[in-house]
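The sequence lines fix the lettering, A, B, ..., with proteins before strands; numbering per chain opens at 1.
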Protein chains: 2
Amino acid sequence: MRSFKHPKRDDIELTRVLYALSDPARLDVVRQLAAEGACTCAALDGGRPKSSMSHHFRVLREAGVIFTEHEGPTHVNELRRDDLDNLFPGLLASVLGERIKKR
Amino acid sequence: MRSFKHPKRDDIELTRVLYALSDPARLDVVRQLAAEGACTCAALDGGRPKSSMSHHFRVLREAGVIFTEHEGPTHVNELRRDDLDNLFPGLLASVLGERIKKR
DNA sequence: AGCTCAGTTCGATATTTCTCGAACTTCCGA
DNA sequence: TCGGAAGTTCGAGAAATATCGAACTGAGCT
């Protein structure tokens, strides 16, 4: 798997994103990425087996939630924040529990 | 099933809500409820078999997304907008605000 | 009571997803 | 070039979900 397949921004589907976010393990990953920026897979495993996490990363990746790239011996994951904010404004913020600007 | 079981507001879980919203048929229901207010089940079936829809209503109900009550011979569903907005501010708005099918 | 309508429950099947060990690939340092 | 570290893929079993027809229930009408 030389490089991963990521959906283009306009191919990201809301239902798929919601599905990807509906698993506690995956939501943890997303929260941690939001809090800490790019992370390797190992930094995000929460003590779960690598093969399980690899599956979850794939779901997140193919839904368009995260972007994974090879960086030397590790894989670095980032949240596709710009794309998601652009497509579904407010979604990530609400899921991450960030306080929405009050007026 | 004299009356339905609905989770109390504080028992509503984000992952479950996201899961409930991650199915196109269920998302359609939620969108229509948001647009039109309370609706009977029959008004929301989108041409799908009743038993399938009943399943989807149950998923939405048990996740805390909709509230269903008996009203004479029909069942009336409403979005639990206040509860959801309170628990996850902005979530519903972002999910409902998706640009539909640009072509 | 009998009928109909609205919806639910049951049951069976098909599909998907989750989980995790084991084997594999790639990259890099010694 | 050998070995370890980081992840992925494969495979298999378990569990959850989707779908939909058929049977059922409850309410209201005549």
A.B. asks: Expressed in angstrom and rounded to an integer, what is the separation of B/Asp45 atom CG from C/dC5 atom P?
C.D. replies: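 Going from CG in B/Asp45 over to P in C/dC5 covers 15 Å.
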A.B. asks: Can you pull out every salt bridge (Lys or Arg N to Asp or Glu O under 4.0 Å) where at least one residue sits in residues 37-48 of chain A? Sequence neighbours excluded, please.
C.D. replies: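 Salt bridge (Lys or Arg N to Asp or Glu O under 4.0 Å) check on residues 37-48 of chain A returns A/Asp28-A/Arg48.
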A.B. asks: Using whole Å, report how far NZ of A/Lys5 lies from C1' of D/dT9.
C.D. replies: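 After rounding, the reported distance stands at 12 Å.
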A.B. asks: What nucleotide, of C/dG7, D/dT8, D/dG28, holds the atom closest to the side chain of B/Ala42?
C.D. replies: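 Of C/dG7, D/dT8, D/dG28, C/dG7 is nearest to the side chain of B/Ala42.
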A.B. asks: Does a side-chain N or O of B/His70 approach OP1 or OP2 of D/dA27 to a distance below 4.0 Å, or not?
C.D. replies: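 No, no such contact exists.
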A.B. asks: Using atom types as modelled, flag every donor-acceptor pair under 3.5 Å from a side chain in residues 50-66 of chain B to any protein atom, sequence neighbours excluded.
C.D. replies:
{"unit_1": "B/His56", "atom_1": "ND1", "unit_2": "B/Arg26", "atom_2": "NH1", "d": "3.1"}
{"unit_1": "B/Arg61", "atom_1": "NH1", "unit_2": "B/Thr68", "atom_2": "OG1", "d": "3.3"}
{"unit_1": "B/Glu62", "atom_1": "OE2", "unit_2": "B/Lys5", "atom_2": "NZ", "d": "3.4"}

A.B. asks: Could you tell me the separation between the CG atom of A/Leu60 and the P atom of D/dG7, rounded to a whole number of Å?
C.D. replies: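 Checked: the CG to P distance equals 15 Å.
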A.B. asks: Treating primed atoms plus P, OP1 and OP2 as sugar-phosphate and everything else as base, which nucleotides of nucleotides 14-22 of chain D get B, S or - for protein heavy atoms under 4.0 Å?
C.D. replies: ---SSBBBB
A.B. asks: What pairs of residues pass the salt bridge (Lys or Arg N to Asp or Glu O under 4.0 Å) test when at least one of them lies in residues 34-44 of chain A, not counting sequence neighbours?
C.D. replies: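 For residues 34-44 of chain A, and leaving out neighbouring residues, there are no salt bridge (Lys or Arg N to Asp or Glu O under 4.0 Å) pairs at all.
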A.B. asks: Taking the side chain of B/Lys50 as heavy atoms from C-beta outward, which of C/dC28, D/dG7, C/dA6 is closest to it?
C.D. replies: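 For B/Lys50, the side-chain atoms sit closest to C/dA6.
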A.B. asks: Let me know the distance between CE of A/Met53 and P of D/dT9, rounded to the nearest Å.
C.D. replies: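 Nearest whole value for this atom pair: 15 Å.
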A.B. asks: Under the ring-ring contact (aromatic ring centres under 6.0 Å, His included) rule, collect the residues that match up with B/Phe88, sequence neighbours excluded.
C.D. replies: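 Partners of B/Phe88 under the ring-ring contact (aromatic ring centres under 6.0 Å, His included) test: none.
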A.B. asks: For B/Glu69 and C/dA6, what is the distance between atoms CD and P respectively, to the nearest whole Å?
C.D. replies: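 Those two atoms, CD and P, are 18 Å apart.
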A.B. asks: Where the side chain of B/Arg58 is defined as all heavy atoms beyond and including C-beta, which of C/dT9, C/dT8, D/dT8 is the nearest nucleotide?
C.D. replies: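 Looking only at heavy atoms from C-beta outward on B/Arg58, the closest nucleotide is C/dT9.
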A.B. asks: OP1, OP2 of C/dG7 versus side-chain N and O of B/Thr40: anything below 4.0 Å?
C.D. replies: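 Indeed, a polar side-chain atom of B/Thr40 lies that close.
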A.B. asks: Expressed as a whole number of angstroms, how long is the span from A/Leu21:CG to C/dT17:P?
C.D. replies: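 Nearest whole value for this atom pair: 15 Å.
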A.B. asks: Atom CZ of A/Phe57 to atom P of C/dT19: distance rounded to whole Å?
C.D. replies: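 Going from CZ in A/Phe57 over to P in C/dT19 covers 13 Å.
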A.B. asks: Rounded to the nearest angstrom, tell me the gap between atom CD1 in B/Ile66 and atom P in C/dG7.
C.D. replies: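 Going from B/Ile66 (CD1) to C/dG7 (P), I get 12 Å.
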A.B. asks: Given B/Val95, which partner from the list B/Val30, B/Leu27, B/Leu18 fulfils the side-chain contact (heavy atoms from CB on, under 4.5 Å) test?
C.D. replies: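 Answer to the side-chain contact (heavy atoms from CB on, under 4.5 Å) test with B/Val95 among B/Val30, B/Leu27, B/Leu18: B/Leu27.
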A.B. asks: Only pairs at least two apart or in different chains count here, so list each salt bridge (Lys or Arg N to Asp or Glu O under 4.0 Å) that has a residue in residues 83-93 of chain B.
C.D. replies: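 Qualifying pairs, neighbours excluded: B/Arg80-B/Asp83.
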A.B. asks: Taking all non-hydrogen atoms of both residues into account, name the closest pair between A/Val76 and A/Ala38 and its distance.
C.D. replies: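 Taking every non-hydrogen atom into account, CG1-CB, 3.5 Å.
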